[in-house]
Number of protein chains: 2
Amino acid sequence: MQTTPNLILRHAELLFTQFGVEATTLRQITAAAGVNLAAVNYHFGSKEALIREIFKRRLTQLNQERLAALDRLEKAAASRPVKPAKILDAFFGTLLRIAQKDKQGGPTFLKLLGRTHTEPSEFIRVFLASEYEEVLRRYKEALIKSLPDVPREEILWRFHFMLGATAYAIAGTDSLKLLAHEGPKETQEAPSRSKPKDQESDLMQIDRLLPRLMNFLVGGLRAPLPEFNTQALRQAQPRQAALRISRSVNQGRG
Amino acid sequence: MQTTPNLILRHAELLFTQFGVEATTLRQITAAAGVNLAAVNYHFGSKEALIREIFKRRLTQLNQERLAALDRLEKAAASRPVKPAKILDAFFGTLLRIAQKDKQGGPTFLKLLGRTHTEPSEFIRVFLASEYEEVLRRYKEALIKSLPDVPREEILWRFHFMLGATAYAIAGTDSLKLLAHEGPKETQEAPSRSKPKDQESDLMQIDRLLPRLMNFLVGGLRAPLPEFNTQALRQAQPRQAALRISRSVNQGRG
DNA sequence: GTCTATATCATGATAGAC
DNA sequence: GTCTATCATGATATAGAC
C-alpha cells in the first residue's frame, strides 16, 4: 500500500536510523517520501507522535511474539524450570528472526532500536519503558526460576549486559568495521572475494550473527559469579552454597 | 581552575550526558556555566569543535593508559601470550577505574561515552574511529595471540559484543532500573536501607560493577564456538582441530 | 577577554485555499 | 486529503562596544 501515512512511516524509519531521531527533520522525511510537508502533522499530529507510532508498530509485535515464545517454553516444560539457553533464544532470537524475516525495513528498525536503547530523550525513554515492562518482567522471572542458585541481583546485571551486547551488536557496526580493518590501506588477503554490493553483508551476515551472539550470551550468563557473592554466602551458610552456585552457573540449569 | 573554557567544558559534558549532544544547545551550556553565550564560539570556534575537545581530552588519556597497561602485560609475559582475562582487564578495567578515580565528572563522561558509541552523527563517528584505531588494533592482536586456536573472525565478533555490553552497561541504566523494579508500587524488601541521596548509587556501585562485568565478559569470550566454525574445520582437517578449539576456548589461553 | 545585540537560517507547526 | 504560504521559535554564529 502506497498510502501517504505508510510512505511517511517507511521513510521516517529509514532516516531516523541513518541520522538519528533528533537530527532528522520533518522536511527530510516528507521530501524523501514524496509527500507534502504538512502531511506529517495532518496524519500523525506531531513529530513526537510519529516517532511513537513507528516504535509502537514494531515493538508491540516483537514483544508479543516474545511473550508467546516464552509461553510455549513454559508450557512445554510443565512445572520444571526452562533451560537458560532456551529463554535467551526466545528473547534475543525472536528479535533477530523477526528482523530477518521482514526484509522490508526489518534490519533497518533493528539498528534503530539498538540505538534508541541509549537515547537520552525523555519522552522516548518513558515510552520504551512502558513498552518493555511486561516482557522484561516475565523474562526476568523465567531466568530467576531457571537459575535458582544464582543471586537475583546477578541475574539482573547479566540480563542488562546481554541487552547491551545485543543492542550494540546491531547498532554499532562501526567498531566492528574498525576491528576488521587490517590497517589503513593494507590490501592483503584477497580484497574482493564476495560481491561488495552491500558494504555490510560480509560482516553482518545475519544468519551467522544469531549463533555467534547466542553462544556469547550463554557463556556470559553462565560465567562464574564474582567473588563477593560467594564470600557473602560463605559467611552466611558455611561453604556448601558457594559450590552449588558455581556448579549451576558453569554447567547448567538448576 | 575556574577559567571560562574549563567551566564550559565541565558543564557541556554534564549537559551532553543528560540530554544528548544534538539536543543540548549552546544557550543551555553557557547559562549553566554562568558565562556569556558568545564564549563558546570565542574559545572553541564552534559547537562541533567543543564536542571534539571534550572527547579528545578524556579519550586520549584513557587510550594511552590502555596502551600502557597492555605494554606492561606483554613485557611481563615476555614472548608468551597474555591471558585473555588480563587483556580484558587492561581494556575494560582501565576504563572503569579511570572513571572511578576522577570523581569530578568521571562517571558522567563514562555514561556519555557509552552513549556516543551508537551516535549516528557523522563527524563524531569519524572522530571516534581515528581516536580508537590504535588501541583497537593493539588489543585485537593481543587477543588473537592469546587465543591462537580461535578463528580470528570469532574473536573480532566477541570483542564487538564485549564493547557493546560495556557501553550499554554504563549508558543504559534504564533497563537495569526497569529490571530491578518489582512492579509498579510494590514496596517489599525494606525500601530504604541505604541513603537514597544518589538515586543510582544502589545499583551502579561502580566497584562491584567491574568484577561483575569482567566475569560476564570472560565467560562470553571463552564460550564454545558456534557450530559452523567447528564444521568448517572438521572438513578441512579431520577432527583434531575442533577439539583443540573448544578446549582452548572453554578452559584458558593457548 | 567579555559582553550586548543581532544576523542568518532552519526548525516544527498551522491557517486557509483548493 | 493535499497544497502553499507563513508563523513563532530557537538554533549557531558574528560584529562591534567596552
Side-chain angles (χ1 to χ4, degrees), chain A residues 1-57 112 115-116 119-128, chain B residues 1-57 112 115-116 119-128:
Chain A
M1 314 166 200
Q2 292 294 66
T3 136
T4 298
N6 274 352
L7 282 171
I8 292 175
L9 287 172
R10 263 224 323 271
H11 287 91
E13 206 172 68
L14 216 72
L15 289 167
F16 287 159
T17 306
Q18 197 164 6
F19 303 111
V21 268
E22 302 267 10
T24 302
T25 73
L26 296 184
R27 282 174 171 80
Q28 286 177 277
I29 296 170
T30 50
V35 302
N36 191 267
L37 170 59
V40 168
N41 282 281
Y42 177 80
H43 287 285
F44 299 95
S46 70
K47 187 187 176 183
E48 261 195 33
L50 169 63
I51 296 171
R52 257 192 294 266
E53 190 58 32
I54 288 181
F55 282 98
K56 202 173 176 177
R57 273 204 314 168
L112 176 59
R115 281 196 175 135
T116 310
E119 187 82 28
S121 166
E122 185 70 16
F123 88 96
I124 288 189
R125 286 168 49 189
V126 307
F127 172 69
L128 282 191
Chain B
M1 313 166 198
Q2 293 295 65
T3 138
T4 299
N6 274 352
L7 281 171
I8 292 175
L9 287 172
R10 263 223 324 272
H11 287 90
E13 208 172 66
L14 215 73
L15 289 167
F16 286 160
T17 306
Q18 199 165 4
F19 303 109
V21 269
E22 301 269 10
T24 302
T25 72
L26 296 184
R27 283 176 170 80
Q28 287 176 276
I29 296 170
T30 50
V35 302
N36 190 268
L37 171 60
V40 168
N41 282 282
Y42 178 78
H43 288 283
F44 298 94
S46 70
K47 188 188 176 182
E48 258 194 37
L50 169 63
I51 296 171
R52 257 193 295 267
E53 189 60 31
I54 288 182
F55 282 98
K56 201 173 178 179
R57 273 204 314 169
L112 176 58
R115 283 196 174 135
T116 310
E119 188 81 29
S121 166
E122 185 70 14
F123 87 96
I124 288 190
R125 285 168 51 187
V126 308
F127 173 69
L128 282 191

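Each chain gets a letter, A, B and so on, in the order its sequence line appears, and its residues count up from 1.
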**Student:** Closest-nucleotide mapping onto DNA chain C: is B:L37 or B:G34 further toward the 5' terminus? I mean the 5' end.
**Tutor:** B:G34
**Student:** Whole angstroms only, please: what is the NE2-C1' distance between A:H43 and D:dG1?
**Tutor:** 6 Å
**Student:** Figure out the CG/C1' separation between B:L50 and D:dA11, and round it to whole Å.
**Tutor:** 15 Å
**Student:** Do the side chain of A:R115 and the main chain of A:T17 share a donor and acceptor less than 3.5 angstrom apart?
**Tutor:** yes
**Student:** Among D:dT14, C:dA13, D:dT2, which nucleotide has an atom closest to any side-chain atom of A:S46?
**Tutor:** C:dA13
**Student:** Whole-Å distance between D:dA11 C1' and B:L15 CG?
**Tutor:** 16 Å
**Student:** B:T4 side chain N/O closer than 4.0 Å to the phosphate oxygens (OP1, OP2) of C:dT2?
**Tutor:** yes
**Student:** In whole angstrom, what separates B:N41's CG from D:dG16's P?
**Tutor:** 16 Å
**Student:** C:dG1, C:dT14, D:dA13: which one has an atom nearest the side-chain heavy atoms of B:L26?
**Tutor:** D:dA13
**Student:** With heavy-atom distances below 4.5 Å as the criterion, would you say the side chains of B:E22 and B:E119 are in contact?
**Tutor:** yes
**Student:** Regarding B:T30, tell me which of base, sugar-phosphate or nothing describes its non-hydrogen contacts under 4.0 Å with the strands shown.
**Tutor:** nothing
**Student:** Please give, in whole Å, the distance from D:dG1 C1' to A:N6 CG?
**Tutor:** 15 Å
**Student:** What nucleotide among D:dA15, C:dT14, C:dG1 has an atom nearest to a side-chain atom of B:Y42?
**Tutor:** C:dG1
**Student:** Output the rounded distance in Å from NZ (B:K47) to P (D:dT12).
**Tutor:** 5 Å
**Student:** In whole Å, what is the span from the CZ atom of B:F19 to the C1' atom of D:dA11?
**Tutor:** 17 Å
**Student:** So, B:E53 and B:R57, do they make that salt bridge, N to O below 4.0 Å?
**Tutor:** no
**Student:** Between A:T116 and A:L128, is any pair of side-chain heavy atoms under 4.5 Å apart?
**Tutor:** yes
**Student:** Within the pair B:T25 and D:dG10, is there a side-chain N or O less than 4.0 Å away from OP1 or OP2?
**Tutor:** no
**Student:** Does the base of D:dG10 carry an N or O that pairs as donor and acceptor with the side chain of B:R27 under 3.5 Å?
**Tutor:** no
**Student:** Is any side-chain heavy atom of B:F16 less than 4.5 Å from a side-chain heavy atom of B:I51?
**Tutor:** yes
**Student:** How do A:N36 and B:V40 order along DNA chain D: which one's closest nucleotide is nearer the 5' end?
**Tutor:** A:N36
**Student:** What's the CZ-P distance between B:F44 and D:dT12, to the nearest Å?
**Tutor:** 15 Å
